[in-house]
Amino acid sequence: MMAFYVKSCVLLPSSFRGCIYSSLLIPARGLIKMPIEWKRPERLEFSDPILTGDCVNRLEVDMNNLPIAVEQSKELEKCNDLVKKLFSFHFLGRKYAVKRAVTEATESVQNHKYDINSIEVLIAQKTVRIRNLMEHLSITPYDRPARARLNHLIRRRRRHLRHIRYYDYKRYEWLLEKLDLIYTPIPEVCEFVERKKSIRKLADKYCEDYKTRKLDEYRQSLMEKRTDFLRDKVESLKWMRQEEIDCGVESTISETDIKEAEEKLEKHLKELQSKPIVKDESRNILTDM
């Protein structure tokens, strides 16, 4: 709950040298309480899909696999399990596992087998490297060079995605689904998060919503009273016409006026039957904040 004090500024002359005025802030009589809560938005992690665009924040590699160069070796097939394990990524290192993941990602989006430099291939390769760095930073979050490389790769990939989104939208949608990505373009206007500015926006929004709600409630109360008003109008017109006839005075109210009032009453009753008004007795339109 935020409380706002309304203050007035009064300028009083003082006896200092020259014509000097001092301001005296006098608090107003009332204290206006507005149900506004503002919390500073939480800082997004570097692995958040809103920032990176990756729905997967780590690179899944099987360290028991073999490099592609020796996987199809006939001599290695004849060796025992211990020798095969020496050629696996457990002993070679994660760098070779990442290279194989880059190769597999390239083959999954290639237009042909000699395609090594298309924009789809570049996006797939950068995606593998980004997820590898994200997994590395989850273990060592204070590695600043790795974080700088990650930001650079994300910016370059976003540029490629923007390019393919503009020129080939169907290919762009297929690529996002294939690589499990989310494209979030950078907003044209970036505003800093400021407490006072946010509170002003929330206060303006609350006032607009409050005014709209009060007007709706007042309109609803008038609709509830309209039925009785139209009935009284029809009876009054009939009574006035009959009195003028009895007094021998030329009638100023015709039968057409009475029929129009009756038609309005019937139309209003049909509207109430089709859209019944829900009464909310817990609210009073006369109560203030």
Side-chain touch [X]/[Y], heavy atoms, less than 4.5 angstrom:
{"X": "Cys55", "Y": "Leu181", "answer": "no"}
{"X": "Lys178", "Y": "Thr127", "answer": "no"}
{"X": "Glu208", "Y": "Lys211", "answer": "yes"}
{"X": "Asn57", "Y": "Ser138", "answer": "no"}
{"X": "Ile182", "Y": "Leu176", "answer": "no"}
{"X": "Tyr210", "Y": "Lys214", "answer": "yes"}

Say you draw a straight line from [atom1] of [X] to [atom2] of [Y]; how long is it, rounded to the nearest 0.5 Å?
{"X": "Glu243", "Y": "Cys247", "atom1": "CD", "atom2": "SG", "result": "5.5 Å"}
{"X": "Leu161", "Y": "Ile119", "atom1": "CG", "atom2": "CD1", "result": "7.5 Å"}
{"X": "Ile199", "Y": "Asp204", "atom1": "CD1", "atom2": "CG", "result": "12.0 Å"}
{"X": "Leu269", "Y": "Arg231", "atom1": "CG", "atom2": "CZ", "result": "5.5 Å"}
{"X": "Phe229", "Y": "Leu265", "atom1": "CZ", "atom2": "CG", "result": "11.5 Å"}
{"X": "Trp174", "Y": "Ile164", "atom1": "CH2", "atom2": "CD1", "result": "8.5 Å"}

For a quick test of reading the model, state the closest non-hydrogen atom pair linking [X] to [Y] and the distance between them.
{"X": "Arg241", "Y": "Ser251", "answer": "NH1-OG, 3.2 Å"}
{"X": "Pro41", "Y": "Val193", "answer": "CD-CG1, 3.8 Å"}
{"X": "Ala105", "Y": "Ala124", "answer": "O-CB, 3.8 Å"}
{"X": "Arg131", "Y": "Val56", "answer": "NE-O, 3.5 Å"}

Worksheet item: Who passes side chain to side chain contact (heavy atoms under 4.5 Å, CB included) against Thr256, sequence neighbours left out?
Response: Ser254, Glu260

Worksheet, complete the sentence: Contacts of Thr103 meeting side chain to side chain contact (heavy atoms under 4.5 Å, CB included) (sequence neighbours excluded), chain-then-number -> Ile68, Glu107

Discussion item. As a quick check of understanding, evaluate side chain to side chain contact (heavy atoms under 4.5 Å, CB included) for Glu244 and Glu250, giving each step before the final call.
Written reply: CA-CA 7 Å; Glu244 289 176 349; Glu250 184 179 356; over 6 Å; no

Worksheet item: What pairs of residues pass the salt bridge (charged side-chain N to carboxylate O under 4.0 Å, His left out) test when at least one of them lies in residues 141-168, not counting sequence neighbours?
Response: Asp54-Arg157

Discussion item. Suppose the criterion is salt bridge (charged side-chain N to carboxylate O under 4.0 Å, His left out): which pairs have a residue in residues 113-126, not counting sequence neighbours?
Written reply: Glu120-Arg171

Practice prompt. Assess whether atom CD of Glu194 is packed by more than 12 heavy atoms of other residues, nucleotides or ligands within 6.0 Å.
Written response: yes

Item to complete: Assess whether atom CG of Leu222 is packed by more than 12 heavy atoms of other residues, nucleotides or ligands within 6.0 Å.
Response: yes

Practice prompt. Give the C-alpha distance, both sets of side-chain angles, the deciding distance and a yes or no for side chain to side chain contact (heavy atoms under 4.5 Å, CB included) between Leu133 and Arg129.
Written response: CA-CA 6 Å; Leu133 284 173; Arg129 296 190 178 99; 5.5 Å; no

Go through the structure and list residues passing side chain to side chain donor-acceptor pair (under 3.5 Å) with [X], not counting sequence neighbours.
{"X": "Asp246", "value": "Gln242"}
{"X": "Glu45", "value": "none"}
{"X": "Glu135", "value": "Arg58, Arg94"}
{"X": "Glu191", "value": "Lys201"}

Fill in: Presence of salt bridge, Arg219 and Asp216, under 4.0 angstrom
yes

Worksheet item: Do NZ/NE/NH1/NH2 and the carboxylate oxygens of Glu266 and Lys270 come within less than 4.0 Å?
Response: no

Co-membership, hydrophobic cluster, residues [X] and [Y], 4.5 Å side-chain:
{"X": "Val234", "Y": "Leu230", "result": "no"}
{"X": "Ile123", "Y": "Tyr183", "result": "yes"}
{"X": "Ile154", "Y": "Leu137", "result": "yes"}
{"X": "Met240", "Y": "Ile245", "result": "no"}

Response to the item:
Connected to Leu51, directly or through other members, by ILVMFWY side-chain contacts below 4.5 Å are Leu44, Ile50

Discussion item. Apply the hydrophobic cluster definition, ILVMFWY joined by side-chain contacts under 4.5 Å directly or through others, and give me every member besides Met63.
Written reply: Leu59, Val61, Phe89, Leu92, Tyr96, Val98, Val102, Val128

Practice prompt. Kindly state each residue pair satisfying ring-ring contact (aromatic ring centres under 6.0 Å, His included) with at least one member in residues 130-169, sequence neighbours excluded.
Written response: His163-Tyr167, Tyr169-Tyr172

Worksheet item: Between Glu262 and Lys238, does a salt bridge (charged side-chain N to carboxylate O under 4.0 Å, His left out) hold up when you go through it step by step?
Response: CA-CA 11 Å; Glu262 289 176 348; Lys238 288 180 180 179; 3.2 Å; yes

Worksheet item: Taking only residues two or more places apart in sequence or in another chain, which ones pass ring pair (Phe, Tyr, Trp, His ring centres under 6.0 Å) with Phe91?
Response: none

